[in-house]
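Notes follow the structure.
So you know, we letter chains A, B, ... as the sequences are listed, proteins then strands, and number each from 1.
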2 protein chains.
Amino acid sequence: MDGTDGTGSGAGPARGREATRARILASARELFTEEGYGAVSSRKIAAHAGVNVALINRYFGAKRGLLTEILREDGVFPGLIEGERDTLTRRLAEHAVSRLHGESSALQRALDHSAGDPDLQAVYQGRITSALIDPLEAYLGGGTDSRAHASLVTALMLGLTRVRQVEGATALRAQGREDLTRRIAALLDLCLADFGED
Amino acid sequence: MDGTDGTGSGAGPARGREATRARILASARELFTEEGYGAVSSRKIAAHAGVNVALINRYFGAKRGLLTEILREDGVFPGLIEGERDTLTRRLAEHAVSRLHGESSALQRALDHSAGDPDLQAVYQGRITSALIDPLEAYLGGGTDSRAHASLVTALMLGLTRVRQVEGATALRAQGREDLTRRIAALLDLCLADFGED
DNA sequence: TTGACAAGGTCAACAGCGTTTACATATACC
DNA sequence: GGTATATGTAAACGCTGTTGACCTTGTCAA
């Protein structure tokens, strides 16, 4: 008994399914964090994990399955879309400013950087929808316009991340942190205002 | 005389430098438009142009050079960042709504779709900076806050494009076109407001 | 006219990628 | 013990972008 697996019911597996899986995943996480998704090859991950390349595809289907799994474990906007409605935009704005200042985790920054990889399009599509737009829509009450409001909020949040990637957003960061947070919160409030009121 | 080249001064070139270049570029443009940057290989472009693969690298340095050249020819936000200041945000908002409705050129849509390709990171970085942020900053007068204002505007514009890619933005498009345009214009106005006023 | 030089174009190869297939090995149950 | 099954391995497949050696064509100078 090596006590690794949970499939103990049927015909017993062998050496270390879960252990191997975990080793691959840990290596992928580390390398993606350091170098980004596109820059790390399957063979490199396998070598780092001390494992055969083919096992990546065996256990995760394909390279992108590694990232899917990593994303599944980490929340992108953890704990923001819950709690008081009055302070929602303030919380989101603070989160956005933190990101502008590079205060998100190293992994998160690397993943932002890999967001446009063609291979990951479907992964990020599902991720943004299920971790941001959908929860926002539900949080806002699910009315007819909730989806549109959620989309506008998402646009601003994603756009800020992109601008930081493209030009560093030094001018934004040079604004006082509180001023910038208030401005973004105000923008988010306007995103959430009823349509036809401007 | 085959009348192709402009270098006629020195020792004469041979068959068709400019003609070949143009043929490659036209093929790349067509294929990128139809299938996107990442999905089209160098060999495919060469075959479509009836040309040897190596010529792509000879004339454009690398595959990404093709896209650089195409972007150089087409303006991304042509003619928006000029003219009356009072209607700037309205013009930008109308442009954004057009994009949301898929009314940009097929090429532009394909390029939006390829925006995150790792190979193109530097290309798009320079493009967005030189075709959007920099002109905006200059247009806004170049004051200390102009850059920050330009960054916010860019964030919103890029974010809207991304949301359309990710979830289709059907809820946004379902809003009345005029209402949506007004909302985005209002957001852009707020992006441009002085800091510390909220 | 003949030689030399350079530009344009071709061919085949390189190193790397993600992925798959056929095979060997070790484990657990009957 | 035999056998099915899960785990791990090795080697290849087809593809990518890119490069270097080669051939061909055209033009100029001697």
Does the distance from a Lys or Arg side-chain N to an Asp or Glu carboxylate O, for A/D112 and A/R99, drop under 4.0 Å? yes
Any pair counted as side-chain hydrogen bond (donor to acceptor under 3.5 Å, both in side chains), so long as it reaches residues 129-138 of chain A, sequence neighbours left out: A/D134-A/R147, A/E137-A/R147
Atom CG of B/L66 and atom P of D/dT18: how far apart are they, to the nearest Å? 9 Å
Can you pull the salt bridge (Lys or Arg N to Asp or Glu O under 4.0 Å) pairs that have at least one residue in residues 53-65 of chain A, sequence neighbours excluded? A/R64-A/D119
Proximity to DNA chain C (any heavy atom under 4.0 Å), residues of residues 34-42 of chain A only: A/V40, A/S41, A/S42
Scan residues 22-41 of chain A for pairs that pass salt bridge (Lys or Arg N to Asp or Glu O under 4.0 Å), counting only residues two or more places apart or in two chains. A/R29-A/E73, A/R29-A/D74, A/E35-A/K44
Any side-chain heavy atom of A/R183 within less than 4.5 Å of one from A/Q175? no
Which residues, if any, of residues 114-124 of chain B bring a heavy atom under 4.0 Å of DNA chain D? none
Can you tell me if the side-chain N/O atoms of B/T20 get under 4.0 Å from OP1 or OP2 in C/dG8? no
Give me the distances for all protein-to-nucleotides 12-14 of chain D N/O pairs that come in under 3.5 Å?
residue : atom : partner : partner atom : Å
D/dA12  : N6   : A/R43   : NH2          : 3.3

Listed partners of A/F32 passing ring pair (Phe, Tyr, Trp, His ring centres under 6.0 Å), at least two apart: A/Y37
Neighbours of DNA chain D within residues 44-60 of chain B, by heavy-atom distance under 4.0 Å: B/V53, B/A54, B/N57
My understanding is that only residues two or more places apart in sequence, or in another chain, count here; which of them pass ring pair (Phe, Tyr, Trp, His ring centres under 6.0 Å) with A/F195? A/H149
Given side chains that start at C-beta, do those of A/E178 and A/R182 come closer than 4.5 Å, heavy atoms only? yes
Would a 4.5 Å heavy-atom cut-off, applied to side chains only, mark A/L111 and A/L67 as touching? yes
Please list, by residue number, the residues of residues 21-33 of chain A whose heavy atoms come closer than 4.0 Å to an atom of DNA chain D; answer none if no residue qualifies. none
So if you build clusters from Ile, Leu, Val, Met, Phe, Trp, Tyr with side-chain heavy-atom gaps below 4.5 Å, do B/L152 and B/L80 land together? yes
Output yes when a side-chain donor or acceptor of B/Y124 lies under 3.5 Å from a complementary backbone atom of A/V166, and no otherwise. no
Okay, side chain of B/R164, backbone of B/L100: is any donor-acceptor separation there less than 3.5 Å? yes
Could A/R72 and A/E69 be called an ion pair, given the rule that one side-chain N must be under 4.0 Å from one carboxylate O? yes
Quick one: list whatever passes side chain to side chain contact (heavy atoms under 4.5 Å, CB included) with B/S105, sequence neighbours left out. B/L107, B/Q108
Applying salt bridge (Lys or Arg N to Asp or Glu O under 4.0 Å) as the test, list every pair that has at least one member in residues 46-57 of chain B; sequence neighbours left out. none
In whole angstrom, give the distance that lies between atom CD of A/E18 and atom C1' of C/dT27. 17 Å
